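Hydrogens, waters and symmetry mates are skipped; everything else that's a heavy atom, side chains included, is used. Protein chains get the first letters and strands the later ones, always in sequence-line order, with residue 1 at the start of each. Predicted model, so just to flag it, every value in this text is computed and none were measured.
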There are 2 protein chains.
Amino acid sequence: MLTDRQLLILQVIIDDFIQSAQPVGSRSLSKKEEISFSSATIRNEMSDLEELGFIEKTHTSSGRIPSDKGYRYYVDHLLAPQKLDQEDVYKVKSIFAERIYELEKIVQNSARILSELTNYTAIALGPAVRENKLKKIQIIPINKQTAVAIIVTDSGHVQNRMFQLPETMDLGELEKLANILNDRLAGSSIESLNDKIYKEVALMLRQHINNYDFILHSIADTLLIPSHEKLFFGGKTNMLSQPEFHDFEKIKSLMTMIEQEDSIYELIRKNQSGINIKIGRENNNTAMENCSLITATYSIGTEQLGSISILGPTRMEYSRVISLLDYISRDLTAVLTKLYQGN
Amino acid sequence: MLTDRQLLILQVIIDDFIQSAQPVGSRSLSKKEEISFSSATIRNEMSDLEELGFIEKTHTSSGRIPSDKGYRYYVDHLLAPQKLDQEDVYKVKSIFAERIYELEKIVQNSARILSELTNYTAIALGPAVRENKLKKIQIIPINKQTAVAIIVTDSGHVQNRMFQLPETMDLGELEKLANILNDRLAGSSIESLNDKIYKEVALMLRQHINNYDFILHSIADTLLIPSHEKLFFGGKTNMLSQPEFHDFEKIKSLMTMIEQEDSIYELIRKNQSGINIKIGRENNNTAMENCSLITATYSIGTEQLGSISILGPTRMEYSRVISLLDYISRDLTAVLTKLYQGN
DNA sequence: TGTTAGCACTCATTAATAGCGAGTGCTAAT
DNA sequence: ATTAGCACTCGCTATTAATGAGTGCTAACA
């Protein structure tokens, strides 16, 4: 167990390093007003803290920097929740100022604002449509060979895809097709559609529609949900300004990873509701070794919809970011719940 | 006018620099097999070429590098069109291998493949919907207060937006609204819709729809086309690997510009059909000082739809990039024309 | 007269060197 | 238990010198 003095020193080291990005030495620590003992005492304590794994040296005679473990302890035990100042609150509120009814736009806005507020990179995972219910399927012929299928969910999400028509299909038959699909599938969850088409609708189609086999797969494909929800980014290039990324290999691997939606999705996928914090190597990703990721989820009622994350250096302003994320996600949840609860 | 020998030297300097990214000196030039005169002679010629503005020195005793003007001359007069090798052709063909009916996906694919083939950044400007004709407007109520309007064009493009309903609006009335809109607007170009709604449809709506004024603007907004077509990117981070961008300020301003869709749009907006080449400062953008942009347009029939560009360092493989872009854009135009011509 | 050999000069780059300063660990005195 | 003191480490910066790839200019040559 750490003594009070060790805690104090750890906290001051981390606060200082977050601010300066420079290793913190015993002498400069001893000058701080919070600290009333000599640099020699601090050196002894730092030596212990290092042995315990909370801080590290960059070389034998350097000052100390926090380790992942140090940040973890800081985040779990030492963090004083920061009050947002008026300007922050004002900016966050502006996300909801416009009357926007599309979830995606709101979420996208949140990412942008958040990145501006923090100067880090914001990543928002768009609302899941998996559990949305099908409102309506429209099939609209474009020309003799092609038609576009449009599905609309009960949250107003629209998704569409073109497919090829069999030669012989006429308008009446297309309409019949759409009717059957709507009769059978309206109200079903989006994620179940593809399944249901084969299990419950196929037979019906076979009876009523010519060229049934030709069109079945096209339709089924159309109803498939994308492998993951949309990702929205804000401040993708902000990390270029962080001193820890003034190293070409580091920035390159990070930027390349950010461009790869799959790996980003992998990073932010599983999150319990509330605030989730992954520090440095906890992210299990070499490109993220010097980064922390803080994620907050948003919901409608109790149903978790998506998440908003901040990606910053491990030397991140945890307190501020957590406060902001917490605030935004609560607001987002409240607004969305009010808008969409109990359709 | 340049002598043949000067042309030869200019060409060899540029070819060498494109390959090596290092200033080219007289001695190393004299060793090339194409060149059969002494380094002293070359120095004299280079001195002239510099005076004429085709090449530059990085410092008083350095080798020469091509200037923007040098590249421009090279591109306009010296470029030998390069034959694509089998592998390139194969990869380009793969863009069209899948049976995809959505223009946007094809264009997006082109950008990705092109960036992989060149290791530069590819930017595709999606198909313009401005001149598409309206196929159908659908209005689908989501709940008591909101509905989603969906418009479909004759090319299968779908665009949708949610809007708020007046309290008193019932289903029948919504349907009536949709019918009026379809009657009046089907077949009109997308860019004219917003206008027409106010000029030609407003009166009709006023007569038949309660709360006409409430809904008019919502509908009109929905029919507004976005300020510019979609942009698709490939290889956004490729420029990080170019030696000319191993400078933090440069890479930062370039990446930041790439993230700003507006400025990218500004760069690639106006292009005559065919291949367009902008070298370095010709782009009129400080972040692009060390970049060239080569753009090819694609069309359906003779109607220009969009463009595909390659953004690379001024020291770019012009010959190869031009060949690739030319090839892809022709293919794209051919495929699209075949698919969509004369709906 | 166009070409080339030769030479003095420039400048980026690299390696070696030294001094500075911020830091440490350890020891001994308080 | 705390602290003053001291030797030591190491990154950083500046200086210097050597190297080498390049230049421009001049004079000789074909």
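The distance between atom CD of B/Q22 and atom C1' of C/dA12, rounded to the nearest whole Å, is 11 Å. In this structure, CD1 of A/I13 is placed 15 Å from C1' of C/dA22, rounded to the nearest angstrom. A/K31 has its NZ atom 17 Å from the P atom of D/dT3, to the nearest Å.
Put simply, the side chain of B/T314 never gets that close to the backbone of B/C291: no donor and acceptor are under 3.5 Å apart. Between the side chain of A/S115 and the backbone N or O of A/Y120 there is no donor-acceptor pair closer than 3.5 Å. Put simply, the side chain of B/S39 never gets that close to the backbone of B/S30: no donor and acceptor are under 3.5 Å apart.
With DNA chain C read from its 5' end, the first of the two nearest nucleotides for A/S39 and B/S38 is the one closest to B/S38.
For A/Y71, the ring-ring contact (aromatic ring centres under 6.0 Å, His included) partners are A/Y318, not counting sequence neighbours. Take B/Y265 and apply the ring-ring contact (aromatic ring centres under 6.0 Å, His included) test, not counting sequence neighbours, and it matches B/H228. Every residue meeting the side-chain hydrogen bond (donor to acceptor under 3.5 Å, both in side chains) condition with A/K236, not counting sequence neighbours, appears here in chain and number order: A/E259. Remark: A/H59 pairs with no residue by the ring-ring contact (aromatic ring centres under 6.0 Å, His included) rule, at least two apart or across chains. A/S241 pairs by the side-chain hydrogen bond (donor to acceptor under 3.5 Å, both in side chains) definition with B/K252, not counting sequence neighbours. Evaluation of the ring-ring contact (aromatic ring centres under 6.0 Å, His included) rule for B/Y73 yields B/F54, B/H77 as partners, not counting sequence neighbours.
Remark: A/E87 does not engage A/K91 in a salt bridge, criterion side-chain N to carboxylate O under 4.0 Å.
Pairs of residues two or more places apart, or lying in two chains, that qualify as salt bridge (Lys or Arg N to Asp or Glu O under 4.0 Å) and include a residue from residues 308-328 of chain B are B/D88-B/R320, B/E244-B/R315, B/D326-B/R330. Legend: salt bridge (Lys or Arg N to Asp or Glu O under 4.0 Å) pairs involving residues 20-36 of chain A, not counting sequence neighbours, sorted by first then second residue: A/D16-A/K32.
The number of heavy-atom neighbours closer than 6.0 Å to CZ of B/F248, taken from other residues, nucleotides and ligands shown, is above 12.
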Spell out protein contact along nucleotides 8-21 of chain D as letters: B when the base is contacted, S when just the sugar-phosphate is, - when no protein heavy atom is under 4.0 Å; keep the 5' to 3' order. -BBS----------
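Across C/dT24, D/dT3, C/dT4, the shortest atom-to-atom separation from the side chain of A/R64 is found for C/dT24.
For residues 41-57 of chain B, proximity to DNA chain D is found at B/R43, B/M46, B/K57, defined as any non-hydrogen atom under 4.0 angstrom from a strand atom.
With axes fitted over five pairs at each extremity, the angle between the ends of the helix from C/dT1-D/dA30 to C/dT30-D/dA1 is 20° (10° resolution).
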Strictly under 3.5 Å: I want the nitrogen or oxygen pairs between protein and nucleotides 28-30 of chain D, one per line.
none

